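Working notes for the structure below.
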Amino acid sequence: MKVLLLGTAAGGGFPQWNCACRMCTTGLPARTQDCIAFSADGTNWYLINASPDIRAQILAAEQLSPGPGPRDTPLRGALLTDAELDHTLGLTMLREGAGLHVWAPPAVLHALRQDFPLQRIVSHYGAWTWSPVAGSFTVDGLRIDILPVSDKKPKYIESTVEGPWVVAYKITDPAGGALVYAPCLKTWPPEFDTFIATATCVILDGTFYSPDEMSTATATGVPSPAQHAMGHIPISGPTGSLAHIAAHPGKRFLYTHLNNTNPILDPASPERQSMLAVSAEALTDGAELTI
Ligand code: MLT
Ligand code: MN
Ligand code: ZN
């Protein structure tokens with residue numbers, strides 16, 4: 001299976017347009033908002049999440065170039081991990097196509113009918129299909145498994161429907177190899193260890209390096225509990241994701257959804273070195289993986 005890291009930054013991207021924090025002003029390489037594309041055969045491609053940067057991301061990836069017919073595209077569908085705007089707005093940018101098959105948890109599909117009526121909006125432009133995810137299913141011969149990971153709702157949600165609001169996906173190629181994509185992980189649930197046990201590569205929520213990063217980096221007075229409420233497990237600390245990664249030697253871990261405050265954006269930072277020490281990586285936009 002082929003996987004393209006189309007974007008690797010959190011909502012707002014890197015640098016963020018309204019941010020003058022140290023990281024945003026040091027001239028480090030820009031990153032677009034996180035999403036990936038995967039393909040069993042290199043011909044049909046499926047997104048996991050659709051970032052507001054999707055147009056630029058598609059134009060930058062030759063594997064996603066249109067053709068062979070004048071209005072053909074290799075993009076066939078999208079799986080959504082959640083209903084956050086940085087993971088769903090991109091679907092509106094894909095309205096020029098014939099429509100996609102979208103899979104998402106029931107609460108997310110509800111949000112995209114009720115709170116942010118994306119389904120109704122794009123239905124006027126093409127033939128879209130919306131499938132709730134539950135249990136396991138297959139996409140182009142690849143097996144997809146789902147793990148609910150949190151009930152963190154996007155800020156804009158007014159509905160009171162039951163979650164899960166956030167899931168992780170595992171894509172298993174019967175020919176060998178499995179990828180887990182979990183860009184929103186509020187905590188590390190015990191079931192997550194079992195879920196990733198059969199994965200060869202895990203792409204993880206790397207929003208924040210430390211639990212108090214927002215208040216330190218941006219002087220916005222976002223205290224640690226408020227940062228935690230944003231639904232992203234920090235990388236460092238005794239309960240951070242690095243500590244959990246250490247229990248899975250030999251497995252490949254990549255961080256994505258990097259917030260603009262995260263010091264690992266700087267390859268020369270001690271924080272990046274601490275991550276590399278447990279073999280976790282922070283590949284840049286455009287990286288292609290063969291899983
Ligand atoms: C998040 O990841 O916490 C959200 O995407 C925040 C946002 O609305 O950008
Ligand atoms: Mn986000
Ligand atoms: Zn910043």
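Since the structure is predicted, the reported quantities are computational estimates derived from the model, not experimental observations. Both ligands and their constituent atoms are indexed starting at 1 by order of listing.
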Quick test: of every protein heavy atom, which one is nearest to [atom], and how far off is it to 0.1 Å?
atom: atom 3 (O) of ligand 1; answer: H232 NE2, 2.9 Å
atom: atom 8 (O) of ligand 1; answer: E84 OE1, 3.8 Å
atom: atom 9 (O) of ligand 1; answer: G11 CA, 4.0 Å

Quick one: which ligand 1 atoms are inside 4.0 Å of a heavy atom on [X]?
X: M230; value: 3 (O)
X: H257; value: 2 (O)
X: D86; value: 5 (O)

[X] versus [Y]: any side-chain heavy-atom pair under 4.5 Å?
X: Y169; Y: I144; answer: yes
X: V102; Y: T129; answer: no
X: L112; Y: T88; answer: yes

**Asked** Taking both backbone and side chain into account, is any N, O or S atom of N260 nearer than 2.8 Å to the Zn ion (ligand 3)?
**Response** yes
**Message:** I want to check a possible cation-pi pair here: K170 against F195, using under 6.0 Å from ring centre and within 45° of the ring axis as the test.
**Reply:** yes
**Message:** Let me check your reading of the structure: within less than 2.8 Å of the Mn ion (ligand 2), is there an N/O/S atom from E84?
**Reply:** no
**Prompt:** With sequence neighbours left out, which residue pairs that include part of residues 54-96 fulfil the ring pair (Phe, Tyr, Trp, His ring centres under 6.0 Å) condition?
**Reply:** H87-H257
**Request:** Could you please spell out the steps behind the salt bridge (Lys or Arg N to Asp or Glu O under 4.0 Å) verdict for K152 and E84?
**Result:** CA-CA 10 Å; K152 194 262 169 180; E84 296 287 350; 2.9 Å; yes
**Prompt:** To the nearest 10°, how many degrees is the angle C19 SG to the Zn ion (ligand 3) to C24 SG?
**Reply:** 120°
**Side chain, backbone, both or neither: K155 near ligand 1, heavy atoms under 4.0 Å** = neither
**Prompt:** Does ligand 1 have a heavy atom under 4.0 Å from the side chain of K152, from its backbone, from both, or from neither?
**Reply:** side chain
**Item:** Aromatic ring pairing F253/W188, orientation class (parallel under 30°, perpendicular over 60°, tilted between)
**Value:** tilted
**Item:** Between CG on residue L5 and OH on residue Y181, distance to nearest 0.5 Å
**Value:** 7.5 Å
**Prompt:** Where the Mn ion (ligand 2) is the centre, what is the OD2-to-NE2 angle for D86 and H257, rounded to 10°?
**Reply:** 100°
